[in-house]
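Reviewing the structure listed below.
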Amino acid sequence: MRQLYSMDGPMAGNNNDDTERYLKLRACIENLSRNPGADIVRYGWRRKDVISLGQGEGDAPTPDFIIKAAEKALASGKTFYAPVLGHPEARQEVSDYYARIYGLQVPTQRIFMTSSGTTAMHLALTAILDEGDEVIAVTPIWRNLLAAVELAQGRITEVALRDEAGQWRLDLEELIASCTPKTKAILIATPSNPTGWVMKQPEMTALLEFARKKGIWIISDEVYGRIVYDGTRAPSFLDVAEPGDRLFTVNSFSKAWAMTGWRLGWLVGPADAEEGIRDIALYNTMGPPSFTQYAAIEALRSGEPFIKQQLDLWRGNREYVFERFAQNGRIEGAPPEAAFYAFFRIKDEQDCLGFAKRLIDEASLSLAPGCAFGKVGHGYIRLCFAVSRPRLDEALGRLEQIIK
Ligand SMILES: Cc1ncc(COP(=O)(O)O)c(C=O)c1O
């Protein structure tokens with residue numbers, strides 16, 4: 001049974017009296033898989049001196065021009081209920097952004113503003129999953145996406161990317177062969193958190209063709225679509241899809257615009273999904289916050305220099321991390337194509353959860369255990385390098401104290 005009164009999870013070793021009190025929740029909640037990454041983050045919070053590179057965010061604050069736009073919206077009274085699928089201006093701005101950056105025509109009727117990429121994922125899954133439907137997930141993948149499927153009462157089958165000397169590859173034939181008559185959707189994060197793997201356009205075309213024939217949905221999380229080290233943006237399923245395809249793409253303001261705490265994202269769906277998504281959003285969050293959408297408009301409109309500046313820093317950090325790793329000799333991994341994570345293995349170290357805990361205890365450094373990202377992630381560690389160089393330097397020094 002789920003322990004409701006202690007939020008510290010199994011790492012805490014906490015047996016105080018209130019752990020005696022239990023409530024029984026719905027089976028799908030009782031059976032939700034744990035998130036060892038979140039457990040480790042909480043474990044790290046217990047100590048003041050911990051450097052955390054275990055979460056998926058940079059350390060740069062949201063830039064001023066975005067904050068000013070929110071302040072202006074607040075001051076001008078944008079504090080009331082807003083349209084459930086977002087302000088028309090915000091939907092239009094996302095559409096303009098796709099035209100400008102992706103060269104794609106995406107009409108506003110297909111764009112739904114959401115209170116986070118996570119919410120966009122939940123809306124998409126709620127729209128299509130019936131209890132027991134199978135979802136094929138390409139792993140390693142951000143654990144919350146798998147848990148979102150569990151919450152929607154779907155069943156997950158993991159199809160693992162292959163680690164070829166630190167370069168992650170998809171076996172498309174294996175992915176296709178894993179689909180069964182019960183498969184409702186294929187879930188992909190491209191670029192991927194934690195590996196930085198990017199699905200190639202021909203792979204997207206081939207998978208979409210297969211999915212079309214079988215009536216299978218594709219849900220593509222493209223939250224890291226702008227965090228690429230070569231070119232302006234990663235391929236999108238929107239590049240190869242028809243407007244009526246069974247495709248949802250999930251996106252977010254969190255990463256590229258340094259807005260993790262704002263909780264704002266968007267979903268692009270098929271042309272005729274608008275009504276259904278509106279109903280789900282209406283009965284769920286009733287739409288994203290109002291005034292923050294004006295900040296998001298400004299982010300899209302004026303954010304390119306900021307994105308470039310961040311990417312320049314992260315590109316340098318990426319090289320620096322892997323140079324230091326190469327000097328260490330016990331760390332196995334390769335620089336990612338995209339996103340801002342180093343996902344690596346340590347020679348003779350299999351227990352990534354135990355290792356992540358030891359790093360906090362002995363070196364005051366919090367990194368994410370690979371087992372948080374699906375079965376294939378066991379034994380790996382994820383480090384977010386989207387931070388200032390001094391902080392990264394200090395963190396690497398602490399890591400090297402433990403991996404000698
Ligand atoms: C692949 C992926 N999708 C979605 C999110 C969350 O986005 P948001 O902050 O908009 O909920 C993350 C956060 O780490 C992520 O890695």
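These figures come from a predicted structure and were not determined experimentally. Order of listing sets the numbers, starting from 1, for every ligand and every atom in it.
Among protein heavy atoms, the minimum distance from atom 5 (C) of ligand 1 is reached at W142 CZ3, 3.3 Å. Taking atom 14 (O) of ligand 1 as the reference point, the nearest protein heavy-atom neighbour is K255 NZ, 2.7 Å. Among protein heavy atoms, atom 16 (O) of ligand 1 sits closest to N193 ND2, 2.6 Å. In this structure, atom 7 (O) of ligand 1 lies nearest to the protein heavy atom S252 OG, 3.9 Å. Atom 11 (O) of ligand 1 has its closest protein heavy atom at T118 OG1, 2.5 Å. Scanning all protein heavy atoms for the shortest distance to atom 2 (C) of ligand 1 gives D221 OD2, 3.4 Å.
Heavy atoms of Y224 found under 4.0 angstrom from ligand 1 belong exclusively to the side chain. Counting heavy atoms closer than 4.0 Å to ligand 1, residue S116 contributes atoms from both its backbone and its side chain. With a 4.0 Å cut-off on non-hydrogen atoms, R263 touches ligand 1 through its side chain and not its backbone.
The aromatic rings of W266 and W257 sit tilted, their planes meeting at an angle between 30° and 60°. Using cut-offs of 30° and 60° for the angle between ring planes, the Y224 and Y341 rings count as perpendicular. The aromatic rings of F65 and F306 lie perpendicular to each other, with more than 60° between the two planes, well past the 30° mark. Relative ring orientation between F343 and Y380 is described as parallel, the plane-to-plane angle staying below 30° on a 0-90° scale split at 30° and 60°.
Considering backbone and side-chain atoms together, L145 places no N or O closer than 3.5 Å to any N or O of ligand 1.
For the side chain to side chain contact (heavy atoms under 4.5 Å, CB included) test with R382, the passing option among P140, P369, P194 is P194; the others fail.
Side-chain N/O atoms of T183 and E134 include a donor and acceptor closer than 3.5 Å.
Y229 carries R318 over the face of its six-membered ring, with the cationic atom under 6.0 Å from the centre and within 45° of the normal.
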